[in-house]
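Below, each value reflects all heavy atoms present in this structure, side chains not excepted, and no hydrogens, waters or symmetry copies. Lettering follows sequence order; numbering is per chain, from 1.
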Number of protein chains: 2
Amino acid sequence: MSDTVTTPTVARLSTRDADFAQRLDTLLDWDGVSDHAVQQRVDSILSQVKQQGDVAVVEATNRFDRLSVSSMSELQLTQEQLKRAYDGLPESQRKALSAAAERIRRYHERQKPESWQYTEADGTVLGQKVSPIDRAGIYVPGGKAAYPSSVLMNAIPAHVAGVDEIVMVVPTPGGVLNDMVLAAAHLAGVDYVFTIGGAQAIAALAYGTETVPRVDKIVGPGNIYVATAKRAVFGQVGIDMIAGPSEILVVSDGLTDPDWLAMDLFSQAEHDEDAQAILVSWDTDHLQAVEASIERLLPTLEREEIVRASLRRRGALVACEDKQEAITLINRIAPEHLELSVAEPQDWLEGIRHAGAIFMGRYTAEALGDYCAGPNHVLPTSGTARFSSPLGVYDFQKRSSIIHCSAEGASSLGGIASELARGESLTAHARSAEYRIRR
Amino acid sequence: MSDTVTTPTVARLSTRDADFAQRLDTLLDWDGVSDHAVQQRVDSILSQVKQQGDVAVVEATNRFDRLSVSSMSELQLTQEQLKRAYDGLPESQRKALSAAAERIRRYHERQKPESWQYTEADGTVLGQKVSPIDRAGIYVPGGKAAYPSSVLMNAIPAHVAGVDEIVMVVPTPGGVLNDMVLAAAHLAGVDYVFTIGGAQAIAALAYGTETVPRVDKIVGPGNIYVATAKRAVFGQVGIDMIAGPSEILVVSDGLTDPDWLAMDLFSQAEHDEDAQAILVSWDTDHLQAVEASIERLLPTLEREEIVRASLRRRGALVACEDKQEAITLINRIAPEHLELSVAEPQDWLEGIRHAGAIFMGRYTAEALGDYCAGPNHVLPTSGTARFSSPLGVYDFQKRSSIIHCSAEGASSLGGIASELARGESLTAHARSAEYRIRR
């Protein structure tokens, strides 16, 4: 420790600061909208793949992933390759992956909704039929961050939902395959794997090519090209969400080991330089202790540079007044990950309106949920937890309304429908309903 | 009836035609993607509203809806105005609207999902918390087709979901207010009504202005400008879907009165010239009888010209082989509305994988579902029933995952997470998990 004044790694904020609301807004601000240049490049790739199919996918993949393949068949992995990757893993990894897969499956089984119907007094039946989509496309990021856990988190809910075929795409820049990713695809029962990425992979999944089967919905996060392409093909196929950088909000009551909290913040910050880690507490001494832990532990991290950059750009230690103010902050931020490192986390639940996943108590590190607790780790980012949900079985299913009118029911409903249809000047609607009124 | 050869109003197709698959593709083809000019106009409106708020909304509304108001206050309706509209309706309309609202509410109550959680052997608790979005924006088309039923269908599920505030926008081109629309807003408990539409209304809801509260999700169909704007703001706010023209697929076993079927097809076709009405049957005499009904009844329709144009452009009478082939066609088309005008419609249900709403039996005219059966009439169009659902309570809610590890649970999960995190080279994740492993 020297005597020179050093700039702290993480910004210190207090809700008492006159400019707090504005500083918080600036901190949280994330403009996920792609610029015009990205938009145009994506549009051009999409239309090339739509028109030329495999040829365009091969060309774009060679160009962007620095490959030199001559046909799509070189960009497809066989089930044997996946199995070989799985069999070849060290036993400890294979066991951990299987244990995680089993827990993820068990949790998602609980999400399965049932079809239902009810019969009214006059015999009319109303209901809702739940059915899976036929074919799902899952996008798994490659390169810097190829995550086998993401394969499990995307493919298992699709399987539980009853999806017929799962098509996975994962780019392999420079041709580097990740054995754990392939092993996870084997374990999760993925039907097709193509080593393609970017907008060209989204286009191939959305439109189909000679080799890549057209899917009904595309899920999974990706970079700005992937996000822009997903937005563009939305409507042609379903999409899950537009993902932004990952973030965590930790609330501590001051009684959790500061080293634990520092490491929890690091585990978010190490994802990339845009990731966001924020700690909130009403205990200012505690905030200072966590800050000291951060400075002390930072140099021991493998990904120190990324963590440091992320904390400097988007991290914060926030002093608030009390529990109530902490809850207000939570709902303002609508965090992707919320860690409630407090004594009685269940007392907080009712007040929390917006959060992707809630990690309760000092033992529940976000990392446990990232890999194996069971719930999904694909979560709404950048405040979108205000209106969206974790990836789930429901993302791979859809509902159909069921209406079966009895003769009596149709007769009485016909009167109401006729009145309203005439009010809307839709007289063919009215007459169609009136035919069903008993004379 | 003259002897001259007349072009039939509706195309006749048969699954036996050599070019059937191609003709069907052409018939169903609907490119909802907006062209570059629309995109640019929408982008410009969005950024103006984002930067200038009310001023930009007023300016755009005056321009597009031929008004000359000077401030937003002239574009907001009061609760008193809504109530007055409701009180002023003829009693028959007021009763019909209330009966429809009550049935819609009752059906949607059944859609409410429950939060759930379960405890594992080691005391770890996992679950899912369901909560409503804070504020919903509903877009109600105005002008040619201002539908009070759409107000009920959008606002009631939001209410049932527990949404705090509902903000409705409805354009009033030329300043014409529709009393039934206002009455429906009163009945459905809408909190704010602004008489604005188009991309400027979507922008106001997504970004908020001095007068229009920012919402968390925007639902409801609109024209190409509305659809393009919704796609652009997706991520900033949630959206329901990108709506295309409305369509129906009717399957008849040949025993339903041909006049009824003709009128059912008309009730779809009268929406607009892009609407699509298709009838499928294996009984060719019956198809001919329905065709005769169409030609005979067409001149009796108030909206004859629209119906005729729609049937000519996008309608079809399709001869198929049998029930099984009809089901294949249904799943290929994934219709918004499916009418099963057959003797035992419940025997068909299992085979039907994709449809927005299924109207079962001869008595269940689509018009009954459009107004008052109970299920929602905002449905996935243009084949998107492959991956999306009717508008529902679930559109106004989202889920948060709950993870509460016991000390023992964290210790065993910590081992798995650590193994997988190290496999992904995310060592801060690993160390965060390892802190929770018991020594």
Where does [X] contact chain B at under 4.5 Å (heavy atoms): side chain, backbone, both or neither?
X: A:Ser406; answer: backbone
X: A:Pro345; answer: side chain
X: A:Asp259; answer: both
X: A:Ser388; answer: backbone
X: A:Ala407; answer: both
X: A:Trp260; answer: both
X: A:Asp370; answer: side chain
X: A:Glu120; answer: side chain
X: A:Leu152; answer: neither

Identify which of [options] forms the greatest number of heavy-atom pairs closer than 4.5 Å to chain B.
options: A:Gly414, A:Gly356, A:Gly235; answer: A:Gly356
options: A:Asn376, A:Leu420, A:Ile133; answer: A:Leu420
options: A:Gly369, A:Ala99, A:Ala100, A:Ser149; answer: A:Ser149
options: A:Gly423, A:Ala421, A:Gly392; answer: A:Ala421
options: A:Arg362, A:Gln268, A:His354, A:Gln397; answer: A:His354
options: A:Gly374, A:Ser131, A:Ala355; answer: A:Ala355

Rounded to the nearest 0.5 Å, what's the gap from [atom1] on [X] to [atom2] on [Y]? Could you check?
X: A:Thr427; Y: B:Met263; atom1: OG1; atom2: CE; answer: 8.5 Å
X: A:Ser400; Y: B:Leu349; atom1: OG; atom2: CG; answer: 9.0 Å
X: A:Arg436; Y: B:Thr364; atom1: CZ; atom2: OG1; answer: 8.0 Å
X: B:Leu338; Y: A:Ile402; atom1: CG; atom2: CD1; answer: 9.5 Å
X: B:Phe387; Y: A:Arg135; atom1: CZ; atom2: CZ; answer: 14.0 Å
X: B:Gln128; Y: A:Gln111; atom1: CD; atom2: CD; answer: 4.5 Å

Does the side chain of [Y] come within less than 4.5 Å of [X]'s, by heavy atoms?
X: A:Lys398; Y: B:Arg386; result: no
X: A:Arg103; Y: B:Leu126; result: yes
X: A:Tyr371; Y: B:Leu426; result: yes

Item to check | Salt-bridge present (B:Arg431, A:Glu270; N to O < 4.0 Å) | outcome: no
Which pair of heavy atoms, one from [X] and one from [Y], lies closest together, and at what distance?
X: B:Leu297; Y: A:Tyr435; result: CD1-OH, 3.9 Å
X: A:Ala373; Y: B:Leu413; result: CA-CD1, 4.0 Å
X: B:Ser432; Y: A:Ala367; result: OG-CB, 4.3 Å
X: A:Ser401; Y: B:Pro390; result: OG-CG, 3.4 Å
X: A:Ala96; Y: B:Glu419; result: CB-CG, 3.5 Å
X: B:His404; Y: A:Gln346; result: CE1-OE1, 3.6 Å

Could you tell me which of [options] has the largest number of non-hydrogen atom pairs under 4.5 Å with chain A?
options: B:Gly361, B:Ala433, B:Ser92; answer: B:Ser92
options: B:Glu366, B:Lys129, B:Arg106, B:Arg110; answer: B:Arg110
options: B:Leu340, B:Thr300, B:Leu89, B:Leu265; answer: B:Thr300
options: B:Arg353, B:Met180, B:Arg422, B:Lys217; answer: B:Arg353
options: B:Phe359, B:Tyr118, B:Phe396; answer: B:Tyr118

Next on the checklist: Taking side-chain contact (heavy atoms from CB on, under 4.5 Å) as the definition, give me every residue that meets it alongside A:Leu298, ordered by chain and number, with sequence neighbours left out.
Outcome noted: A:Thr9, A:Phe266, A:Ile294, A:Glu295, A:Leu301, A:Glu304, A:Val307, A:Arg308
Checklist entry - With B:Phe234, which residues qualify under ring-ring contact (aromatic ring centres under 6.0 Å, His included), at least two apart? => result A:Phe234
Item to check | Geometric cation-pi criterion B:Arg399 and A:Tyr394, 6.0 Å radius, 45° cone | outcome: yes
Checklist entry - Once the angle between the rings of B:His271 and A:His429 is folded into 0 to 90°, is it parallel (under 30°), tilted (30 to 60°) or perpendicular (over 60°)? => result perpendicular
